[in-house]
Amino acid sequence: MTGSELIVAPCALNPMMARLAEDAGFKAVYMSGGSLGWYKCVTEANITLPEMVQIAVDTRAVCKLPIILDAGGGWGDPMHVHRTIALAEAAGFSAIEIEDQLLPRRVEHHIGIDNLIDTDLMVAKVKEAIAARTDPNFVIIARTNTRRVHGLDDALRRGEAFHRAGADMLFIYTRDAEEMRLVGERLPTPLMTFAPPDGFSTFALSRADMFKLGYRVAASSGSSFAALYKAVRQSMECLAQDRMDPFLGPGGAEAEMKRAHQTTRLAQMLEVERRTLKGR
């Protein structure tokens, strides 16, 4: 997570999405618990660590981009975090984001109501996450959502405590540009945040601005899932109603299937098959 520019990590929930991110030139991807919860129709509160580990194994088999794991509350107390870190490292994640959410998770988080643990317990989780890792390059990201509960000042105090506990990166949840600026001015780098839902083209802070403020990662937590949802919903509705899907257009389905073959690297597989099975 080092370099001279902000790393924007799009949401990837499966190997295909990760490959598309890689082909588009991204340097990392983000496995969003929130989007995975919608994808599975259960919400983030019901997503388990083994589910995310299996996705990571499948993804790493075909795409070598670093994967940031949105681990929510870390699936337990400080003792349980040891198992969380062990599985995350074994699955090939490059970083893990742990936040100060109360466990078990509650679905009202998705309507802006957060239930948080106290700072001391979160600090203990951060310390145990660091103690549990075996790969010194595995990045521990400590996140707080207290901005929506107790305000930005409390979020900054928690961020300072997480930094003292040894977190490699801090994530103060806010989507407000001026608050992001204040966070960058008050807290030590490196910082993580969410990328604007509509991208940086219309946002008050540019990627360069964010980097100067100490941000090193901006995860796009849901935009790619939203695009997937809209495209599939529209396709289903058009097929059911005997209408042409305006998104694909005439011949679009076959054309996109051929592009999916390219993303899957079908040509390379065919080459191996023909070379090794010729004459059999």
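Heavy atoms only: backbone and side chains are in, while hydrogens, waters and symmetry mates are out. Starting from 1, each residue takes its place in the sequence as its number. Bear in mind that the values here come from a model prediction, so they are computed numbers and not experimental data.
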*Between E5 and R207, is the closest basic N to carboxylate O distance under 4.0 Å?*
no
*With a 4.5 Å heavy-atom cut-off, do P78 and L121 have their side chains touching?*
yes
*What class does the angle between the rings of Y173 and F171 fall in, given that below 30° is parallel, 30 to 60° is tilted and above 60° is perpendicular?*
tilted
*Considering all heavy atoms of both residues, which atom of L65 and which atom of F26 are nearest to each other, and what is their separation?*
CD2-O, 3.4 Å
*asked:* Tell me whether the rings of W38 and H110 are parallel (<30°), tilted (30 to 60°) or perpendicular (>60°).
replied: tilted
*Can you check salt bridge (Lys or Arg N to Asp or Glu O under 4.0 Å) on E160 and R157, steps first, answer last?*
CA-CA 5 Å; E160 290 166 351; R157 284 192 291 271; over 6 Å; no
*With a 3.5 Å cut-off and no angle check, do the side chains of N145 and R143 form a donor-acceptor pair?*
yes
*A208 backbone acceptor or donor facing K212 side chain under 3.5 Å*: no
_Test your reading of the model: is there a side-chain donor-acceptor pair from R216 to the backbone of P190, 3.5 Å cut-off?_
no
*If you measure from the Lys or Arg side-chain nitrogens to the Asp or Glu carboxylate oxygens, is any gap between R147 and E179 under 4.0 Å?*
yes
*asked:* When you compare the side chains of Y30 and E97, does any donor N or O come within less than 3.5 Å of an acceptor on the partner?
replied: yes
*Hey, are E178 and R181 close enough for a salt bridge, meaning a charged N less than 4.0 Å from a carboxylate O?*
yes
*Return yes if a side-chain donor-acceptor contact under 3.5 Å exists between T144 and E99, otherwise no.*
no
*Using 4.0 Å as the upper bound for N to carboxylate O, is an ion pair formed by D23 and R265?*
yes
*Is a side-chain donor or acceptor of D135 paired with a backbone partner of N137 at a separation under 3.5 angstrom?*
yes
*Are L13 and L20 connected in a single hydrophobic cluster, I mean Ile/Leu/Val/Met/Phe/Trp/Tyr linked by side-chain heavy atoms less than 4.5 Å apart?*
no
*Would you check if M169 and I140 make a side-chain contact, meaning some heavy-atom pair closer than 4.5 Å?*
no
*Within the side chain of T202, is there an N or O that forms a donor-acceptor pair under 3.5 Å with the backbone of D198?*
no
*Using a distance-only test with no angle check, is there a side-chain donor-acceptor pair under 3.5 angstrom linking Q234 and D245?*
yes
*Carboxylate-amine/guanidinium proximity below 4.0 Å for E22 and K64*: no
